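Since this is a predicted model, take the numbers as computed values, not measurements.
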Amino acid sequence: MEQKKYTIFGYGKLGRALAIELKAKGLLEAIISKNLPNSEEAKEFIAEGIRIVPDLKGYKKASEVIILSVPDSVIKSYSYDLVNNLKNDLKGKIIIHCSGAYSDEILGEAEKFDAITASAHPLQTFYEYSPRIFEDIFWVVETKHFGEVQNAIEILGGKAIAVSFDTRSRALYHSSAVVASNFLNGIMFLAKQLIVHTGLKPEILRPLINQTIQNNLYRFNEVDFFPITGPIVRKDFDTIENHLLALENNPFLKEQYLLFGLNVAKIAHSLNFISKKELEIFIQIFKQHFPNETKDLFG
């Protein structure tokens, strides 16, 4: 069976990764991007017969699959532009947006012209492209046409999961992905910012971070598994106090430590690692060090 050809709309981090991957598979037909045409990268695509189009005015015939890898705020307006420009050529074409925050309904205008629409969110971070970045990842897909969309997505690697979210469930799903990626980045950033003040290099934290991640992944499907060690579960109140005193001259790092520390203490209590009384002692320590304008976080 002849494989479908693709157009990528947008050339940010995800769009670039999709374009490189599809180019390698010989499936990329066009890229629609305002900034790409004048770049050095454009020459590599053009050399392989891939069209680089600055906007929809130059895009007159739809590929069999169009992937919108654009900011959430413009998905709806871009989908309307697609309809206005290509409404007579949308029947049977697959139009996918990659946002985790919105369902397929945001592409409803294209459905009126018999396009196959879907939300397909790749559970991966695309800060840097690597040749195996799509391998074995999960795509969370919401669509009325799962079979067709599944085939279009899984050609990239990984596995499509069909979902039917209400508004709250979708927000919870997307928030879990944000925590797993963005918040985890925040914690590692804080660890690096702290250690450089000792004169040591962040590199020495790498084995500790790797092992901590592996400890969690080992039993990751156990929702309440929390492989924590350290001063909070040991109830080392003086140790935490000394950490905070050492950060007196760096309000930004101190505030971040307090926020993460409060969160860990509350989780530890919820899982019965520490008692309510011990949690209250930690809260009092944190509260004494917190900036006045944010003390209401402690209730």
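Residues Ser119 and Ser99 form no side-chain contact, since every pair of their non-hydrogen atoms from C-beta on lies 4.5 Å or further apart. Using a 4.5 Å heavy-atom threshold, the side chains of Leu27 and Val65 count as separate. The closest side-chain heavy-atom distance from Glu142 to Arg170 is below 4.5 Å. Side-chain atoms of Leu68 and Leu107, non-hydrogen and from C-beta on, do get closer than 4.5 Å to each other. Proximity of His197 to Asn250: side-chain heavy atoms (C-beta onward) are separated by under 4.5 Å at one or more points.
A salt bridge links Lys43 with Glu40; the closest basic N to acidic carboxylate O contact falls under 4.0 Å.
At distances below 3.5 Å, not a single donor-acceptor pair connects side-chain atoms of Lys34 with backbone N or O atoms of Val53. Judged by distance alone, with hydrogens and angles left aside, the side-chain atoms of Lys235 form no donor-acceptor pair with the main-chain N or O of Glu278 at under 3.5 Å. Checked by atom type and distance alone, the side chain of Glu154 pairs as donor or acceptor with a backbone atom of Ala160 at under 3.5 Å.
Aromatic ring centroids of Phe220 and Phe225 lie 6.0 Å or more apart. The six-membered or imidazole ring of His121 lies near that of Tyr173, with a centre-to-centre distance under 6.0 Å. Taking the six-membered ring for Trp and the full ring otherwise, Phe134 and Phe126 have centroids separated by under 6.0 Å.
In this structure, Leu262 is a member of the same hydrophobic cluster as Phe252, with clusters built from ILVMFWY side-chain heavy atoms closer than 4.5 Å.
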Next item on the list: Start with the C-alpha gap between Glu111 and Lys144, add the side-chain angles, then the distance that decides, and say whether side-chain contact (heavy atoms from CB on, under 4.5 Å) holds.
Entry: CA-CA 10 Å; Glu111 281 269 350; Lys144 305 176 190 71; 4.3 Å; yes

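In this structure, Tyr102 and His97 have perpendicular ring planes: the angle between them is above 60°, well past the 30° mark.
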